[in-house]
Amino acid sequence: VFIGDSITHYMDRHAAGMPEQSFPGVKTLNLGYSADKTENVLWRLQNGEFAGLKPKLVVVMIGTNNSGHRKDPASETALGIRLILNELRQQSPQSKVLLLSIFPRGESEDDQYRKINQEVNELLPLLADEEKVFHLDINQKFLDKGGRLKRELMPDLLHPNRAGYEVWLKSIKPTVDKLMGK
């Protein structure tokens, strides 16, 4: 199960079928919703969206809209992510969770929203216990040597295109395979 905002949601639109091709034999479900912030994901989880699901693995990436829409402090966004992880563990204690760093946004390292996301990302490893919750940062895959976001992967400097989704899924595949016991 993939949980997140428009970055996750648009995988169905821009990379239809790619998750199944990337992870043969694995059934996937995309629970990403455009414009979601941490509190939206938490609300959905607490109000039945995840009810009855018992996935082997949940991939979570959320928080860029907390930064981009309201410039929430990193500690508040990280707290929201912690609450999401707690809810997932409560509803599906056997599931493993792969928590991804929030993808870079904006053209350069000077982008105000990228800076906020990076502050959140620095807190995310603290949420991983390496037993049920695992943290992975693949952000360098989207940047050039100068730290600039590659437009050929994220043309609008926020959302991946098909090539960007391919990079995303290829980058998490070794970790997903390990966590899925492959």
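For this chain, numbers begin at 1 and follow the sequence in order.
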- Contact summary for Leu99 and Leu85, nearest pair of heavy atoms: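 Where Leu99 meets Leu85 most closely, the heavy atoms are CD2-CD1, 4.0 Å.
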- Of the non-hydrogen atoms in Gln91 and Lys54, which two are nearest, and what is the gap between them?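 Scanning both residues, the minimum pair turns out to be O-NZ, 2.6 Å.
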So, do [X] and [Y] sit near enough that their side-chain heavy atoms are less than 4.5 Å apart?
X: Arg114; Y: Glu109; answer: yes
X: Leu157; Y: Arg151; answer: yes
X: Val60; Y: Val133; answer: no
X: Lys37; Y: Arg70; answer: yes
X: Thr8; Y: Ile3; answer: no
X: Pro19; Y: Met11; answer: yes
X: Pro55; Y: Phe50; answer: yes

Give a yes or no on whether the backbone of [Y] and the side-chain of [X] come within a donor-acceptor separation of less than 3.5 Å.
X: Asn121; Y: Ile102; answer: yes
X: His9; Y: Ser34; answer: yes
X: Asn161; Y: Glu152; answer: yes
X: Ser92; Y: Gln94; answer: no
X: Lys170; Y: Tyr165; answer: no
X: Thr38; Y: Thr77; answer: no
X: Lys96; Y: Met180; answer: no

- Task: Among Arg148, Arg105, Gln118, find the one that has a side chain to side chain contact (heavy atoms under 4.5 Å, CB included) with Asp111.
- Result: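 Output: one option passes, namely Arg105.
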Do the side-chain N and O atoms of [X] and [Y] include a donor-acceptor pair separated by under 3.5 angstrom?
X: Tyr33; Y: Glu49; result: yes
X: Asn139; Y: Ser101; result: no
X: Ser22; Y: Glu20; result: no

- Task: Check the pair Phe23, Leu169 against side chain to side chain contact (heavy atoms under 4.5 Å, CB included), reporting the backbone distance first and the verdict last.
- Result: CA-CA 9 Å; Phe23 310 109; Leu169 296 174; 3.9 Å; yes
- Find out whether the Lys NZ or Arg CZ of Arg13 is both under 6.0 angstrom from the six-membered ring centre of Tyr10 and within 45° of the ring's axis.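 Here Arg13 passes the 6.0 Å and 45° test against Tyr10.
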Check this for me, if you would: do [X] and [Y] make a salt bridge, where the nitrogen-to-carboxylate-oxygen distance has to be below 4.0 angstrom?
X: Arg89; Y: Asp129; result: yes
X: Lys173; Y: Asp177; result: yes
X: Lys71; Y: Glu119; result: no

Nearest 0.5 Å, what's the [atom1]-[atom2] distance between [X] and [Y]?
X: Thr64; Y: Ile116; atom1: OG1; atom2: CD1; answer: 9.5 Å
X: Glu39; Y: Ile84; atom1: CD; atom2: CD1; answer: 8.5 Å
X: Phe134; Y: Leu57; atom1: CZ; atom2: CG; answer: 9.0 Å
X: His135; Y: Leu127; atom1: NE2; atom2: CG; answer: 8.5 Å
X: Leu45; Y: Asn86; atom1: CG; atom2: CG; answer: 11.5 Å
X: Leu88; Y: Leu83; atom1: CG; atom2: CG; answer: 11.0 Å

Around atom [atom1] of [X], are there more than 12 heavy atoms of other residues, nucleotides or ligands at under 6.0 Å?
X: Glu166; atom1: CD; value: no
X: Lys141; atom1: NZ; value: no
X: Lys182; atom1: NZ; value: yes
X: Glu107; atom1: CD; value: yes

- Full working for side chain to side chain contact (heavy atoms under 4.5 Å, CB included) between Phe2 and Thr28: CA-CA 8 Å; Phe2 288 86; Thr28 64; 4.3 Å; yes
- Trp168 and Phe142: aromatic ring centres closer than 6.0 Å?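 Here the rings of Phe142 and Trp168 have centres that are no less than 6.0 Å from each other.
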